[in-house]
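To start, the structure under review is shown below, and the notes come after it.
All residue numbers refer to positions in the sequence shown, counting from 1.
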Amino acid sequence: MEEVVVLIVGAGPAGLATSACLSQFSIPYVIVERENCSASLWCNRTYDRLKLHLAREFCELPHMPYPADTPTYIPKNTFIKYVDDYIECFTIHPRYLTIVESSTYDFNGKYWSIMARDMSKCTIVNYRAKFLVVASGENSVKNIPVLSGLENFPGEAIHSSCYKSGIDYSGRNVLVIGSGNSGMEIAYDLASHGANTSIVIRSPIHVMTKELIRLGMTLVHYLPLKMIDDLLLTMANFVFGDLSRHGITRPEKGPFVLKSETGRSAVIDVGTIGLIKKDKIKVNGRITKIKGKTIEFEGGKEASFDAIVFATGYKSTTNLWLKNDEDMLNSDGVPKKQFPNHWKGANGLYCAGLGRRGLAGIAMDAKNIANDIKRSIDSMCS
């Protein structure tokens, strides 16, 4: 049994930011990570052309700004280098290949009892922690929807986490399922590399430019969200025109109100809309069935495909190992409370990076958690 003050589960940006904030108060902690590196989503499960969709001023981790020569929209490898420098700057030592298997709160002893498996040594490690921080993220396992006939599809079917580049798909018929930022950018990448590309857009989405989102995020400090949305939608109309004729409709609520209430982000266009308008990317509705290589869409439309890319996101696995979290997380492993009050549970339990507010939200969570733990420790000592 190892006694620790704070145990942090997950060494992605949220866990690392929390570690750095705790170190500012000289609060000891242990951070464990199931993968063999930090920020494994960025290192191992992202496509080659990825850049941060938000401007760098909204993507800093606490207590360490980007170097002055960092571009406004940061490429993946530049961000990974920033994370590596962050780990070195704050002397963070994650315990890699350590998988938390169970965690329960001891109401008599007033501590968290955590059992983890050290995969590098094939041993069980038990921790007793006063505070427990869930920083394992929403992106734990691939989410692939159940589709009738998918099991008999003879072509390649992969999740977006396995997609790297469209260079190997030139001349092939490829269907992208999912129209969030990843799906839309992967569709653009495929078409740019000569693939015959189609995309499934099942739900209404907001499409914005990166400049419009940057403007909106700047204005949130000064204007109501509804007013910002009205401005951005007017400007988006000017930039993109009416997209409904291309199979893209808008939600009833504006992009910033929708983000505030549901966590759903607008799609930041990287050139996909232009290719859709030129019919170089075809838009389809919901899939009804798959028959061999032939995929049928609602309305009866059919087309043949050689490959499918599922850009359908991820699911959290936190509820598989975390118990006694009834006040903090719901059955999907996401916070019950609305942002910005989502980060704190009961009995010294916290979550970082689950508020669906990107890296800026991670920075806020990490600071709030460290400050709250410091107050709790100070009150114990007084």
Seminar exercise, completed: S260 and L225 have their tightest heavy-atom pair at CB-CD1, 3.6 Å
For this session: Would you name the heavy atoms of K367 and P62 that are closest together and state the gap between them?
Result: CE-CB, 3.9 Å
For this session: Tell me whether F131 is reachable from M328 by hopping between hydrophobic residues (I, L, V, M, F, W, Y) whose side-chain heavy atoms are closer than 4.5 Å.
Result: no
For this session: Step through the shown structure and confirm whether more than 12 heavy atoms of other residues, nucleotides or ligands are within 6.0 Å of CE on M64.
Result: yes
Exercise. What do you reckon, is CZ of R172 surrounded by more than 12 foreign heavy atoms closer than 6.0 Å?
Worked result: yes
Exercise. Minimum heavy-atom separation for Y314 to S161, with atom names?
Worked result: OH-CB, 3.1 Å
Exercise. Taking all atoms of both residues into account, what is the closest heavy-atom pair of A266 and P255, and its distance?
Worked result: CB-CB, 4.2 Å
Seminar exercise, completed: Between the CG atom in L16 and the CD1 atom in I362, the distance rounded to the nearest 0.5 Å is 9.5 Å
Exercise. Roughly how far, to the nearest 0.5 Å, is the OG atom of S102 from the CG atom of N126?
Worked result: 8.0 Å
For this session: Can you measure from CZ (F305) to OG1 (T197) and round to the nearest 0.5 angstrom?
Result: 9.5 Å
Exercise. For K81, does the NZ atom have more than 12 heavy-atom neighbours from other residues, nucleotides or ligands under 6.0 Å away?
Worked result: no
Exercise. Are there more than 12 heavy atoms of other residues, nucleotides or ligands under 6.0 Å from atom CZ of F107?
Worked result: yes
Exercise. Do Y96 and V32 have side chains that get closer than 4.5 Å, going by heavy atoms?
Worked result: no
For this session: Report yes if the side chains of L175 and F297 come closer than 4.5 Å at any heavy-atom pair, otherwise no.
Result: yes
Exercise. Would you call E296 and K301 a salt bridge, taking side-chain N to carboxylate O under 4.0 Å as the test?
Worked result: no
Exercise. Heavy-atom distance under 4.5 Å between the side chains of L50 and W42, does that happen here?
Worked result: yes
For this session: Evaluate the side-chain hydrogen bond (donor to acceptor under 3.5 Å, both in side chains) criterion for residues D365 and H342: first the C-alpha distance (whole Å), next the side-chain angles of each, then the deciding distance (0.1 Å), finally the verdict.
Result: CA-CA 9 Å; D365 289 350; H342 62 285; 2.9 Å; yes
Exercise. Got a second to check how far L97's CG is from N36's CG, nearest 0.5 Å?
Worked result: 5.5 Å
Exercise. Would V200 and I186 show up in the same hydrophobic cluster when neighbours are defined by side-chain heavy atoms closer than 4.5 Å?
Worked result: no
Problem set entry | Heavy atoms from other residues, nucleotides or ligands near CD of E151 exceed 12 (cutoff 6.0 Å) | yes
Problem set entry | cation_pi(K293, F153) dist<6.0 Å, angle<=45 | no
Exercise. Can you tell which of Y47, Y169, Y163 makes a side chain to side chain donor-acceptor pair (under 3.5 Å) with D189?
Worked result: Y163
Exercise. Are there more than 12 heavy atoms of other residues, nucleotides or ligands under 6.0 Å from atom CD1 of I167?
Worked result: no
Problem set entry | H53 and Y73 aromatic centres sub-6.0 Å | no
Problem set entry | Heavy-atom pair of closest approach, residues A20 and I92 | N-CD1, 4.4 Å
For this session: Measure the spacing between NE2 of H63 and CZ of F90 and express it to the nearest 0.5 Å.
Result: 6.5 Å
Exercise. Can the positive tip of K130 be found less than 6.0 Å from the middle of the six-membered ring of Y111, inside 45° of the ring normal?
Worked result: no
Exercise. Would I268 end up clustered with L231 when hydrophobic side chains under 4.5 Å apart are linked, directly or stepwise?
Worked result: yes
Exercise. Taking everything shown except K76 itself, do over 12 heavy atoms lie less than 6.0 Å from its NZ?
Worked result: yes
Exercise. Is it the case that more than 12 heavy atoms not belonging to K289 sit under 6.0 Å from its NZ atom?
Worked result: no
Exercise. Quick one: is the NZ or CZ of R356 closer than 6.0 Å to the six-membered ring centre of F339, and within 45° of its axis?
Worked result: no
For this session: Measure across A187 and I281 and return the closest heavy-atom pair with its distance rounded to 0.1 Å.
Result: O-CD1, 3.6 Å
Exercise. Rounded to the nearest 0.5 Å, what separation is found between the NZ atom of K280 and the OH atom of Y188?
Worked result: 10.0 Å
For this session: Answer with yes or no whether the side chains of N237 and R250 bring together a donor and an acceptor at under 3.5 Å.
Result: yes
